[in-house]
**Q** 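What follows is a single structure, and I will ask about it in a moment.
This is a predicted model, so every value here is computed, not measured. The first residue of the sequence shown is numbered 1, and numbering continues consecutively from there.
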Amino acid sequence: MTALNRTTILIADDHPLVLSGVRRELEDIEEFEIIAQSGNGGEALNLISNMHPDIAILDFQMPGLNGIEIAKSLREQNSKTKVILLTMHNEKQIFFKALEVGIEGYLLKDDAVLDIVEAVRSVVAGREFVSKNLTGLMLEKLKGQGVSDKNGNLISELTATEKQVLSLIAELSTNEEISDQLFISRRTVENYKVNLAKKLELGGARDLLKFSIENKKYLGTL
């Protein structure tokens, strides 16, 4: 964050229309500051390494390096910059690779203009953001892993509201959407997530998201 507590952002995309559209949406938000942009992956990596933005919004496919290669390099550098990947591809191999290298946000370009502000806010707050159209890929990633008796027992010990929160997390609902549906404050939603992670013996938001999707059939429907 800058001294004014603004989130610093770098955008890298070699498609001018996508880059300008995403930039325009973010520039309208007072809490965000665009500090650089690029259409080349190698240049983007150098800019991130030198400028250390809070968020890097990266196209999957660019000249030089692609977004996943940049993210992998940043992780090797122990960079604190968080990455949101933009892609035109609803393909499981790209999605799974993005998860493996620790990318915090995965956004289809068709959804980018509408969802980029929410995606940045989610990632800044320490939550993953995944396009809702990709729920099926998340399920496939977890398919076959099974649900242990231990997980079933842990779920059975949750309160009714905790199960509702977990069900909504599995639907990739935002904190605001959970707040509106359950008539509770967003701070309360955050508290529920922290408590759920502890009760379910999970490491944090990433594990909670995966757990909720993996165990979705045990949560029923709202």
**Q** Hey, is Glu25 close enough to Arg121 for a salt bridge, meaning N to O under 4.0 Å?
**A**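 No.
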**Q** Between the side chains of Asp54 and Thr7, does any donor sit under 3.5 Å from an acceptor?
**A**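 Asp54 vs Thr7: no donor-acceptor pair found between side chains.
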**Q** Are the side chain of Glu190 and the backbone N or O of Arg187 linked by a donor-acceptor pair below 3.5 Å?
**A**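 No, the answer is negative, given that no donor and acceptor are paired below the 3.5 Å cut-off.
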**Q** Should Gln77 and Ser49 be marked as a side chain to side chain donor-acceptor pair (under 3.5 Å) after you check the CA-CA gap, both sets of side-chain angles, and the distance that decides it?
**A** CA-CA 9 Å; Gln77 297 174 23; Ser49 298; 3.2 Å; yes
**Q** Is there a donor-acceptor pair under 3.5 Å between the side chain of Ser79 and the backbone N or O of Arg75?
**A**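 No; zero donor-acceptor contacts below 3.5 Å.
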**Q** Can you name the nearest heavy-atom pair linking Lys193 to Arg127, along with the distance?
**A**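 Smallest heavy-atom distance, with atoms named: NZ-CD, 3.6 Å.
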**Q** Quick check on side chain to side chain contact (heavy atoms under 4.5 Å, CB included): which of Val22, Ile35, Ile55, Ile84 does Ile9 satisfy it with?
**A**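 Looking at Val22, Ile35, Ile55, Ile84, the match for Ile9 under the side chain to side chain contact (heavy atoms under 4.5 Å, CB included) is Ile55.
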**Q** Charged N to carboxylate O under 4.0 angstrom, Lys199 versus Glu157?
**A**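 No, this pair does not count.
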**Q** Hey, are Asp13 and Lys109 close enough for a salt bridge, meaning a charged N less than 4.0 Å from a carboxylate O?
**A**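 Salt bridge: yes.
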**Q** Membership question, hydrophobic clusters at under 4.5 Å side-chain separation (ILVMFWY): are Leu114 and Met88 in the same one?
**A**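 Result: no, two separate clusters.
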**Q** Considering non-hydrogen atoms only, spot the tightest contact between Ile70 and Ala44 and give its length.
**A**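 Scanning both residues, the minimum pair turns out to be CD1-CB, 4.2 Å.
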**Q** When you measure from the side chain of Ser179 to the backbone of Ile184, do you find a donor-acceptor pair of N or O atoms at a distance under 3.5 Å?
**A**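 Looks like yes, one N/O pair under 3.5 Å.
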